[in-house]
Amino acid sequence: MPLHLGPFVRWRSGLVLAWICLFSSGFTFTGGEHAATVTHPLPAAFSDLLPHFLVEPDDVYIVKNKPVTLTCRSTPATQIYFKCNGEWVHQDQHLIERDVDPATGLPVMQVKIDISRQQVEKIFGLDDYWCQCVAWSTTGTQKSQKAYVRIAYLRKNFEEEPLGKEVALDQEVLLRCHPPEGVPPAEVEWQRNEELIDPKTDPNFFITVDHNLIIKQARLADTGNYTCVAKNIVARRKSSSATVIVYVNGGWSTWATWSACSAVCGRGWQKRSRSCTNPTPLNGGTSCEGQSVQKSACTATCPVDGGWSEWSKWSPCGADCTMWRSRECTQPTPSTGGKECQGLDLQSLNCTSEQCPQSDNQKVIKSNQLHHLNKVIENDVALYVGIVAVALCLTLLLIVLVLVYRRKKEGLDADVADSSILTTGFQPMGIKPTKPENSHLLTIQPDLTSTTTSYQGTLRSRHEVTGKFSVSNGPLLEPLPNGSHTLHNGKLPSDPNDFMNRLSSQTYFKTLPRDNVNTSYGTFNFLGGRLTLPNTGISLLIPPEAIPRGKIYEIYLTIQKKEDMRLPLAGCQTLLSPVVSCGPPGVMLTRPVILSMDHCSDACLENWTIRLKKQSYEGMWEDVLQLGEEVVSEPYYCQLEAETCRVFTEQLGRFALVGESLSMAASKRFKLLLFAPAYCSTLEYNIRVYCMDDTQDLLKEVMQMERQLGGRLIDEPHVLLFKDSYHNLRLSIHDMPQAHWRSKLLAGYQEIPFYHIWSGSQRTLNCTFTLERQSMSTCDLTCTLCVWQVEGEGQSFTLDFNISKDIRPLDSDFLLMDNCTPALAGPSAFQIPYLIRQKICSSLDTPCPNGADWRLLAQRLKLDRHMSFFASKASPTSVILDLWETQHFHSGNLNQLAAVMAEIGKQEAMIFLHLED
C-alpha cells in the first residue's frame with residue numbers, strides 16, 4: 001500500500017521505528033520522480049547494523065548565483081533524507097542513487113540536493129544556513145555532520161590601505177593592509193611594481209599574520225610602488241599603490257691635503273676640500289651639513305735668488321795646454337724657490353807655447369798619431385762613397401717602380417670611371433687611350449670604347465628625352481624643361497627649388513614637403529648612385545644595373561612630416577620610423593634599391609608584429625610586408641638591425657614602418673633632450689624637456705628648432721625604453737638648493753599621456769619647467785630630473801651647470817656631424833669599383849661543390865639569415881655587395897672585405913689590397 005513520507009516523518013520516534021519495520025517487510029513509498037522504492041529487504045545478516053556514512057556533506061560557498069550541491073553517502077541504509085535549518089527537505093528535491101558494495105555486499109545509498117542562493121537568503125539573523133543528512137536502517141538512524149552553506153563575497157574597499165613612505169637606507173619599513181570584508185576571508189599577497197613579493201626567495205621581506213608587510217632593512221632596490229592584493233573565490237581586489245622611496249643621506253668624505261700657499265712671498269692662504277660623496281645623497285636624501293672647503297692663513301718665505309762669488313785664480317797650465325778658473329753660486333745661495341745663478345761656473349783658456357810643458361817626445365808621439373788617423377780617414381772615405389752610390393741606385397730604382405705603379409693605377413681608375421659615362425651618351429672633354437697593361441689585374445673586359453677622367457655635358461638618353469621615365473601606370477612626370485644637368489666628378493648639381501617646383505606641379509607630388517633641407521635628388525643611369533639626407537639616417541642606394549641601360553631617371557628622396565601624413569593606426573599599433581618618400585613612383589627597376597631609415601623599436605620580434613606600409617597611388621596605405629614572414633618572390637624585403645631598417649624594394653614610393661605590440665614587454669626607444677636659454681636676463685629660467693622617438697631625423701629637427709629659439713643643450717641626450725603598459729610618462733625636478741631656487745610648477749610633476757608617446761604621430765613632445773632664482777647673481781644650478789612611467793621603473797639625471805656660462809663641450813653641433821654629399825652618381829657612390837664588383841659577382845655567383853661561393857660570403861658577412869632572399873635573385877653576390885655598401889658607406893674598409901675574400905679563397909682580395917694602397 002502506498003504511504004507518503006511527508007506526514008509520517010513528523011511522528012514520534014517510536015512510530016518511526018515501527019514504520020521502518022513495515023518498510024523492510026516489503027512496503028513501497030512513492031512520492032515523486034525520485035521516490036525511494038524498497039524492492040529488496042536487507043539481508044538478515046546485516047539487519048542488525050547501524051548505517052555509517054561514507055561521504056558527509058561539507059561546508060560550501062555560493063559564488064554569485066551558482067547553486068551548490070550537498071552529497072551524502074551511507075551503508076547499509078534504507079533511506080537518507082536531508083534536513084536544513086531544522087526542516088526536512090522535500091523528497092522531490094532529493095536525487096537518490098543505489099548501489100551495492102562489491103567487497104561487503106552491503107547496499108550503498110547516495111543522496112544529493114541543490115541549494116540555491118535564494119534559499120540561503122531567506123534565512124535572516126545571525127545563524128548560518130546549515131544542512132545535515134539522516135540515514136535509516138532496520139536497526140536505527142544516524143546523523144551526519146552539519147554542512148554550512150554561505151554566500152561568498154568580497155567587498156571592494158579595503159578597511160586599511162598601505163601609505164607611501166620615505167625611509168632612510170637600512171631602516172625598517174612597515175606597510176599596513178587590512179583587506180576588505182569577505183566570505184571566505186580574503187587571502188593577502190603583496191606586489192612591488194606589479195611583481196609578486198615572495199618572502200621565501202627574499203628574506204628581507206616579512207608578511208605578518210594580520211597581513212602587514214615588513215621590510216627589515218630598506219635597500220635602494222626596494223624603492224618602488226607597493227600594492228596590497230586581496231583575493232578569495234569570488235574576486236580579487238588591489239589597493240592603491242604606496243610609493244616607498246629609500247633615500248640616502250649624504251656624508252662627507254675625508255679632508256684632502258692642504259693646497260700650497262697662495263702667496264709666493266709673504267702672507268697668503270691655503271685651502272683644503274671635501275665632497276659629499278661618502279655616501280652621495282640619493283632619492284631626496286639630505287645633503288651634507290657644513291662647509292666643503294676650509295681656508296687657512298699661511299706665510300710663505302720669500303725666495304732668495306742666487307749670486308756668483310768672485311772668480312778664483314787661474315790654475316797652472318796643464319799637460320793639455322789648458323788652464324782653468326771657477327766661481328760658485330754662494331753670494332747668496334738660492335733658497336725657498338729662488339732662481340739659480342745664470343752663466344758659467346767654470347772657464348778654460350789655452351796656454352801659450354812658452355807656458356805649455358809639453359816635451360819633444362810627446363810631440364813625436366802626437367805626430368805619429370795624426371799620421372795614422374789620416375790613413376784611417378782615407379779608408380773610411382772610400383767606404384762611405386761606395387755606400388752612397390749603392391743608396392742612390394736603390395733610390396732611383398724605387399722611384400721608377402713607384403712611377404710604373406701609379407701609371408697602372410691611373411689606368412685602372414680611368415677604366416672604372418669610363419664605365420660611368422660612355423654607355424649613356426655623355427660627351428667626354430678629355431680622352432686618353434685604354435691601357436692594355438692592366439689586363440693582368442682585371443680579366444673582365446669592360447663594354448667600353450674609350451676612357452676618360454673628367455666629363456662635362458648633358459645627361460640625356462640616347463633615345464628621346466620624353467622616354468626618360470619608364471612608367472607602368474601612365475606618365476607621372478611631364479618632360480622636364482631644359483632637361484640638361486651637368487655632372488662634375490660624380491657629384492650632382494643642386495637646384496632644389498627648381499626641382500621641387502616641377503615635382504609639385506604633378507598630382508601625386510602635391511603632398512611632398514616644400515622643405516628643401518630634408519630633400520635630396522639626383523640624375524642617375526645604369527651605374528646607379530646614392531641619395532642621402534644628411535644627419536637623418538635616411539639614404540637610398542641605387543645599385544649598378546638597377547636602372548636599365550639607356551635610361552636616365554631623376555630620383556628624389558624626402559621625409560614627410562608625421563603631422564601631414566596621418567597613418568591609419570588601430571589598437572596597439574604605433575609608428576616606428578619616419579615616413580619616407582622616394583620616387584618618382586612607377587619607374588621601371590631591374591633589381592631592388594635599398595632604402596635605409598632609422599626605427600625606434602627594441603628590435604625584439606618576439607614582442608612585436610612589424611609591418612612595412614606603402615602608400616598607393618590613390619593615397620591608401622597598404623601592408624606590403626610583415627617582418628619575419630617575408631616572401632622572396634614579392635618585390636619587397638626588409639632587414640631589421642638594432643637601430644636601422646634596410647628595405648629592399650623594386651618599386652619606389654612612400655614607406656613607413658608600423659609596429660603592433662604583442663605583449664606589455666614591447667618597448668619603444670625614445671630620446672630625452674634638455675634645453676635651456678643660452679642667455680638669461682630675468683629671474684625666471686626655463687628648462688625644456690623633449691621626449692621623442694629615437695631617430696636621427698627628429699634629433700635634427702629639434703636641434704634646428706632650438707637653434708632658432710636661442711636654446712642650448714644642457715645635458716647629453718638620454719635614451720629610455722617606453723613600455724606598452726598604458727601608463728603615462730611623468731617628469732619632475734627635485735633637489736634644488738631652496739635658498740637660491742624655487743620651482744613655479746604648482747603640481748609635483750608633469751605628465752605626458754601614454755597615447756601621445758606611443759602613437760608616434762606627434763614628432764616632438766616637450767614640457768617646460770619654469771624655475772625662479774632668488775637673485776640675479778645666482779648662476780649655479782644643481783638639480784635632479786626624474787623621469788618614470790607610472791607604476792614602472794624610472795631614471796634620474798643630475799644637472800649641474802652655470803646658467804650664464806657653460807664651459808662644457810655640449811654644443812648641439814657635435815650631434816650633427818654627417819657632412820656627406822646628398823647625391824652621388826656613378827662609381828663615386830660606392831666603395832667597390834665597378835669592374836672589380838663585376839669580377840667578384842662572376843666569380844661567386846657560380847655554385848662551387850666545396851661551398852666557396854656567394855653562400856660562404858654571406859656567412860662570413862653574417863648575412864646568412866637572408867639566404868633564401870639572396871638565392872631568389874639572378875646575381876646573389878651583387879645583392880650581398882649592395883647590402884654591404886649600404887651598411888659600410890661611412891666606415892667601409894675594403895681591406896676587411898678583401899680579408900673575407902681571401903678566406904673564401906678568391907684572388908680578388910689581392911686586387912682590393914692593391915687598390916687600397
Side-chain angles (χ1 to χ4, degrees), residues 494 496 513-520 531-539 557-565 575-581 596-600 642-645 668-680 685-720 722 729 731 750 752 756-757 760-769 781 785 787 795 797 799 801-822 889-890:
S494 60
R514 302 299 182 91
D515 183 8
N516 297 329
V517 177
N518 290 325
T519 301
S520 296
L531 289 176
T532 305
L533 300 179
N535 303 311
T536 64
I538 299 173
S539 65
L557 178 67
T558 186
I559 303 177
Q560 303 286 153
K561 291 187 177 180
K562 295 181 181 179
E563 52 267 26
D564 297 336
M565 300 298 301
L575 189 59
L576 298 178
S577 73
V579 180
V580 180
S581 294
S596 300
M597 55 186 177
D598 286 355
H599 69 87
C600 60
E643 298 179 356
T644 307
C645 174
K668 288 181 64 175
R669 288 180 291 105
F670 77 92
K671 186 161 287 186
L672 207 69
L673 298 178
L674 281 69
F675 286 90
Y679 304 97
C680 182
Y685 190 71
N686 295 324
I687 296 179
R688 293 184 292 275
V689 183
Y690 289 85
C691 301
M692 61 187 187
D693 293 344
D694 184 19
T695 56
Q696 295 183 53
D697 64 304
L698 292 184
L699 178 63
K700 175 183 178 181
E701 181 178 330
V702 172
M703 289 294 185
Q704 293 174 343
M705 182 169 55
E706 278 295 326
R707 188 178 291 114
Q708 296 175 358
L709 295 175
R712 64 166 178 173
L713 193 66
I714 61 175
D715 197 13
E716 61 182 7
H718 299 278
V719 177
L720 305 176
F722 189 79
L729 186 72
L731 304 95
Q750 296 196 55
I752 300 178
H756 288 179
I757 299 177
S761 58
Q762 301 188 32
R763 293 179 66 81
T764 56
L765 298 166
N766 71 85
C767 58
T768 301
F769 290 92
L781 175 59
L785 175 67
V787 183
Q795 297 187 29
F797 315 104
L799 305 178
F801 60 97
N802 188 294
I803 68 173
S804 61
K805 182 179 181 182
D806 194 353
I807 61 174
R808 296 177 300 171
L810 284 178
D811 185 19
S812 60
D813 289 337
F814 87 100
L815 295 172
L816 305 175
M817 299 299 293
D818 186 4
N819 295 320
C820 61
T821 305
F889 178 60
H890 295 289

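The structure displayed is predicted, hence computed values, not measured ones.
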> For the residue pair R712 and N802, what are the closest heavy atoms and their distance?
Replying inline: NH2-O, 2.8 Å

>> Nearest 0.5 angstrom please: K700 NZ to T695 OG1, how far?
In response: 12.0 Å

>> I need the Q560 CD to N518 CG distance, nearest 0.5 Å.
In response: 10.5 Å

> How close do P578 and I559 get, heavy atom to heavy atom, and via which atoms?
Replying inline: CB-CG2, 4.4 Å

> Minimum heavy-atom separation for V580 to M597, with atom names?
Replying inline: CG2-SD, 3.8 Å

>> How close do Q750 and T768 get, counting heavy atoms only, and between which atoms?
In response: NE2-O, 2.7 Å

> Distance from I538 atom CD1 to T644 atom OG1, nearest 0.5 Å?
Replying inline: 10.5 Å

> Can M705 and R707 be said to form a side-chain contact (heavy atoms from CB on, under 4.5 Å), step by step?
Replying inline: CA-CA 5 Å; M705 182 169 55; R707 188 178 291 114; over 6 Å; no

> Got a sec, which pairs hit ring pair (Phe, Tyr, Trp, His ring centres under 6.0 Å) with one end in residues 686-710, sequence neighbours left out?
Replying inline: F675-Y690

>> Can you confirm whether M692 sits close enough to L699 that some side-chain heavy atom of one is under 4.5 Å from a side-chain heavy atom of the other?
In response: yes

>> I'd like to know if the side chain of D598 and the backbone of Q696 have a donor-acceptor N/O pair within less than 3.5 Å.
In response: yes

> Mind checking what makes ring pair (Phe, Tyr, Trp, His ring centres under 6.0 Å) contact with F722, not counting sequence neighbours?
Replying inline: F670, F754

> Taking atom CG of L729 and atom CG of L672, what is their separation to the nearest 0.5 Å?
Replying inline: 8.0 Å

>> Restricting to non-hydrogen atoms, name the atom on I714 and the atom on A676 that form the minimum distance, rounded to 0.1 Å.
In response: CG2-CB, 3.7 Å

>> What's the separation between atom CG in L785 and atom CD1 in I687, rounded to the nearest 0.5 Å?
In response: 8.0 Å

> So, the side chain of R669 versus the backbone of H599: is there a donor-acceptor pair under 3.5 Å, distance only?
Replying inline: yes

> Between I757 and K668, which heavy-atom pair has the shortest distance, and what is it?
Replying inline: O-NZ, 3.6 Å

>> As an exercise, state the distance from CG of L533 to OG1 of T519, rounded to the nearest 0.5 Å.
In response: 7.0 Å

> For R688 and E706, what are the C-alpha separation, side-chain angles and deciding distance, and is it a side-chain contact (heavy atoms from CB on, under 4.5 Å)?
Replying inline: CA-CA 10 Å; R688 293 184 292 275; E706 278 295 326; 2.8 Å; yes

> Quick check: does any side chain N or O of S520 sit under 3.5 Å from a backbone N or O of T532, one acting as donor and the other as acceptor?
Replying inline: yes

